[in-house]
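Below is one structure, written out as structure tokens, with a few remarks after it.
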Amino acid sequence: ALLNKYPKHNPLILAKAILLQSSDPAQALKLVQRITRQQPAVPALILKTKLLQQLDRVDESLEVFALILEQQPANEQVRLNYARQLINANYLEQARAQFLELSQLNPFDDDYRLALGYINMDLDAWEEAAVYFEELILRESYVDTAQYNLGRCHEELGNYAQALAAYTAVQQGQNYLAAIQRQANIYLNQDNLTAFSLLFEHAQQSAPEHLIELYLIEVETLSKHQLNDLAWQRIEQALTDFTDDHRLLYTRAMIAAQKDD
């Protein structure tokens, strides 16, 4: 009703576009474009990026983000959203550049260090990624996550002793079992069955709440390396301790199949 009276009043046009954002993004975009053609103010441009994303016009949305940052280069939230959209669009080099800018804007934000570590891993820049994970460990931030990913970097670089040291330092959290699995693979790749056995012996003592998962990792790793007789011994031991666990029963069936039994 107000727009009928004031059809060129930009704040009213923007308000209507916001109301239409969920129900009719195409119409909302037409309204926003009426504003931005005359006066490319940041609030309208930010809404325009969201509408273009909703309409799967990703590259156009990224162009608008770049325009906003020309006006407000120190706008951390806009730059962060731009970086995330670049990642979603798989423009990883450009995303890395934006996170570097963010890290300079806010050098104490460890989320940016973590993001830079992950992006460098995705770009196979393992040495660069390792630097960021080492910084996080020194800063005592995201320590277990950083140790695990530092191990992955060293593993990719062929630095197996350093990879094992990093994986061993992962003592808790969501990466603990994955770190055990990676250590196990390294030991068997090196034909070091003694270290492999000691790894699981120690893990079962220090993390009894993960006993079934540790048995599964141990047996599946042995099977992966064609050590089926030893895998059979360990799955039988596991089922002595946990007779009715369906995961262990299924794994034993898979080992039997591999043994042509």
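All values below were derived from every heavy atom in this structure, side-chain atoms included, with hydrogens, water molecules and symmetry-related copies excluded.
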### Task
Check whether the side chains of Gln183 and Thr168 place a donor and an acceptor atom closer than 3.5 Å, and report yes or no.
yes
### Query
Any side-chain donor-acceptor pair under 3.5 Å between Glu101 and Tyr112?
no
Checking [X] now: which residues fulfil ring-ring contact (aromatic ring centres under 6.0 Å, His included) with it, not counting sequence neighbours?
| X | answer |
| --- | --- |
| Phe65 | Tyr82 |
| Phe200 | Phe196 |
| Tyr148 | Tyr167 |

### Query
How would you list, by chain and number, every residue that makes a side-chain contact (heavy atoms from CB on, under 4.5 Å) with Ala95, sequence neighbours excluded?
Leu86, Ile87, Ile119
#### Entry: side-chain contact (heavy atoms from CB on, under 4.5 Å) involving Gln233 - partner list, sequence neighbours excluded
Leu230
## Note on the structure
side chain to side chain donor-acceptor pair (under 3.5 Å) filter on Ser141, not counting sequence neighbours, yields Asp110
### Over 12 foreign heavy atoms within 6.0 Å of CD, Glu140
no
Under 4.5 Å side-chain linkage, directly or through intermediates, the cluster mates of [X]:
| X | answer |
| --- | --- |
| Leu249 | Leu211, Ile212, Tyr215, Leu216, Val219, Trp232, Ile235, Leu239, Phe242, Leu248, Ile255 |
| Leu198 | none |
| Phe108 | none |

Within [range] or reaching into it, pairs that qualify as side chain to side chain donor-acceptor pair (under 3.5 Å) - sequence neighbours excluded:
| range | answer |
| --- | --- |
| residues 122-138 | Arg113-Glu135 |
| residues 252-261 | Ser223-Gln258, Asp229-Lys259, Glu236-Arg252 |
| residues 192-207 | none |

### Task
Look only at the side chain of Gln226 and the backbone of Lys224, and say whether a donor-acceptor pair between them is shorter than 3.5 Å.
yes
### Charged N-O contact under 4.0 Å between Arg96 and Glu93
yes
